[in-house]
Structure formats: C-alpha cells, structure tokens
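These numbers were taken from a predicted model, which means no experiment stands behind them. Both counts, for ligands and for their atoms, begin at 1 and track the order of listing.
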Amino acid sequence: MSVRKRLDEICDIGRDPVHGGYSRHLLEPAELALREWFCRSAAELDLTVETDGNGNLWAWWGEPGPGTIATGSHLDSVPGGGAFDGPLGVASALEAVALLRAEAWVPARPIAVCAFAEEEGSRFGVPCLGTRLLVGDITPQTALALTDREGVTLEDAWREVSMDVSRVGPDPGRVALLDALVELHVEQGLDLEKRGLPLAVGSAIMAHGRWRLTITGEGNHAGTTPMGERRDPVVAASAAALAVRDVAVERPAARGTVGRISVTPNGTNVIASRVEAWLDIRADSDTAVRAQFEATVALIRTCVAAEGCALDVHEESFSPLVSFDGPLTARVAELLGGVPAIPTGAGHDAGILASHVPTTMVFVRNPTGVSHAPGETAREEDCEEGARGLAVVLRELAGAQAP
Ligand code: HGY
Ligand code: MN
Ligand code: MN
C-alpha cells in the first residue's frame, strides 16, 4: 500500500462537476463515503474505530488511554477543493501505521488516527467545528442550531445519520488522554517549493476571523426603476468587496477576502433586495485582525449608506493566532532530518487543539502552492516521504511509556 494508493481509493468520491475539484461536505453523501473508507482502511490495520459525540473519527492502535499520540487531519473540503487538503493527512497517518505494523513494531502507548469533522466549515459555516466542540470552544446549543445553505440545522443533519445529539459537546476526558497531536497537511503555499525541500514542520497559524455581512436594499424592477431611485445592495456589496481589498493591501502580511456572496432573489432582470457576503480576514496577530476588521467595516458602512442600504454584521468565528508547541516542533523537525519550521495562513484542527494539547504540524511540498482549488497538488515521492517521516515520529513519540 502507499499514500498514493490510499488517495487513489477515494479519488472519485465527491468530484464536483460544476466547480471542478471536490465538494465533500459534512454528512453529505461524499463525506459519508469517505467516513466509510476511513473505517475500512482502519479495520484493515486492526485499528478500532469510534465516532465521538462531535462526529470526529478516532482509529485506535491500543486501548484508548492516557499518553495517547494522535495524528490525522480532516476529510471534508471546500466547494471545488483540491484532493490533498485534509485527506493527505488522514491517508499519511494510516500509511504511517501500516509502515510501523509491517515492521512488527508495537507502540508502548496508544496511537489515535483521527479524521476531524467539518474542518472547512463549508456546510455549517464554522471551521474546525468538530474540534471546537471537542474542546468546548463552541456550545452544543450554538452548533446544533447552525444551518447550511438549504436551512438544514446541524441537529437535523446529525439525526438524519442517526447520530446521538445528546453526546454533542465538550469531551475533556478525551482531550486529557492526548499527550501530543501531529497533523500532516499539504502545504498551502510555495515556501517548500522555493526552498527545494519536501517537508517542513509548522511554527504558527495566522489569526483568522470570519463575518457574515447582510446588506439590505429595495428589490425592484431592473427596467422600470430609474437609476436615481434605487437602493441596490449588489452595488453596495461590490463597493464593500473593494473596500476589503483596499484595507488589506495597506497592511503587511494581512489577508482580506470576500469569496462567497448570496444575492436575493438573484434574478437577471431584478434589482436585488438583499445580499449576504462573507468576510475572511487573517493577520499575524489577534489585535491586527480586529483592527483590520474595524477599519474594513467602517469603510463598508460608508459604501452601504451611500447606496441607501442597511448593514448587519455577524461574527461567525474567530481563531486566535496559534504558536505550535516549541519542544515538540523542534523534536519532530529533528526526527524528519532537520526540516525548517514555517508559518501558515491556513487554519487547521491542530490550531484548535494547540491550546489544549502539545501540537505541531508537518507540511508536504505543494509544487503549485495552490489550495482550496483543483490546482492543489503534491508529488508522489513527497507524499510517501511524509508518511515515512510520520512513521519515524510516531515510533519515537509512542515508543516509550508515558513518563
Ligand atoms: O480556511 C482555512 O484556512 C482552512 O482551510 N479551513
Ligand atoms: Mn482547507
Ligand atoms: Mn485543511
């Protein structure tokens, strides 16, 4: 077996004929098929699989218990996402276990291969939902009331697949079992390609916020409404998107994006009545994200008022800056042969768990640097090197009883 072969097993699951790439969203058919693949692959490795109360999958090598070394990533994708973001980390973790079992090595402490739920937040809007629930960063009530684009609540979706909603919520006992988490992920950038290196470890994750903007105007006829008598939220939203860009480009290392817009009623010959636009802001500190948000929204308010529209702003999630565990990161870097530690602008479940468990990441080179799009890629030899490296890390971290 190999990482490549494991990814080939799922390469036709969730292909998106409209957007290209993959659309694999929480508890929808494609993601459920990936869950089945995970369970089958784990069973072939004699791992015992369980789904925790928050939809996260755990494949155990050894009885669940204190001192656990966890690895893994996520299976869900953004709409039209790449083949590697998430699944590479899960496939590499499975392959690392396969490599260790092939040597007849036996861990001295439990190992857990994880697939965390709703990392992208593509269906219910909150990224890393499974790990945020696990650590108590979001309440079960808030999470279960989240709705998808069709208005289906997380609770309804949970019940649809016979999940027990009473189990949703923080699981401190499970988190307390974890001595370390190492998440392998495809690099979402060109740092390693420029360095000519296949692997790196993670040093930090940028601070990140997501907001939903609702701009309300007056729906009307495109042909009978004079230009001077309109309150057009699409015009306001367009000016807002430019404001997001203008504020971000003034700030070093900042990111400001409007990647999702929903127009109501979305008719060719209709002046819209309402526009929802989602704002994604990232920067190298929590205060920088907050300052950028305030400056951006102030400008947006001006744009919206100029069009005679109203604005509502709702914070959907905020992810503070993450610095991974220093000693663990250095140890993993050394075990991988002295690879560099690089920051990332992409959020990860490792970022959520990092404030509860010693955590770091391993990045695998991405020759295009593209992510969240079909162009995302990784060379086969780099993927196999990543799994071999993860096997070395697991052997070292789980090779001796917890002190
Ligand atoms: O949005 C992110 O950074 C991550 O891919 N969820
Ligand atoms: Mn992603
Ligand atoms: Mn990811």
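- Residue contact check: A346 has heavy atoms under 4.0 Å from atoms 3 (O) of ligand 1.
- S122 places a side-chain N or O within 3.5 Å of a backbone atom of S77 that can act as its donor or acceptor partner.
- With the Mn ion (ligand 2) as the vertex, NE2 (H372) and OD2 (D85) define an angle of 90°, rounded to 10°.
- By the 4.0 Å N-to-carboxylate-O rule, R245 lies too far from E250 to be salt-bridged with it.
- Within a 6.0 Å radius of CD in E334, no more than 12 heavy atoms belonging to other residues, nucleotides or ligands are found.
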Quiz item: Going through the checks in order, is the salt bridge (charged side-chain N to carboxylate O under 4.0 Å, His left out) test met by R4 and D8?
Solution: CA-CA 6 Å; R4 176 73 269 160; D8 286 348; 3.0 Å; yes
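- For the Mn ion (ligand 2), the N/O/S atoms of E120 include one lying under 2.8 Å.
- Looking at S23 and D16, their side chains do bring a donor and an acceptor atom within 3.5 Å of each other.
- Using a 4.0 Å cutoff on heavy atoms, H372 counts as a contact of ligand 1.
- Between G347 and ligand 1, an N or O atom pair is found at a separation short of 3.5 Å.
- Every atom of ligand 1 with a heavy atom of E119 under 4.0 Å away is listed here by number and element: 4 (C), 6 (N).
- Counting non-hydrogen atoms of other residues, nucleotides and ligands closer than 6.0 Å to CD of E160 gives a total of 12 or fewer.
- Only the side chain of R282 comes within 4.0 Å of ligand 1, counting heavy atoms alone; its backbone N, CA, C and O stay farther away.
- Atoms of ligand 1 lying under 4.0 Å from at least one heavy atom of E120, given by number and element, are 4 (C), 5 (O), 6 (N).
- Ring-plane geometry between F363 and H348 is classed as tilted, the angle between the planes lying from 30 to 60 degrees on a 0 to 90 degree scale.
- Distances from the Mn ion (ligand 3) to the N/O/S atoms of H74 are shortest for NE2.
- Checking H348 against the Mn ion (ligand 2), every N/O/S atom stays at or beyond the 2.8 Å cut-off.
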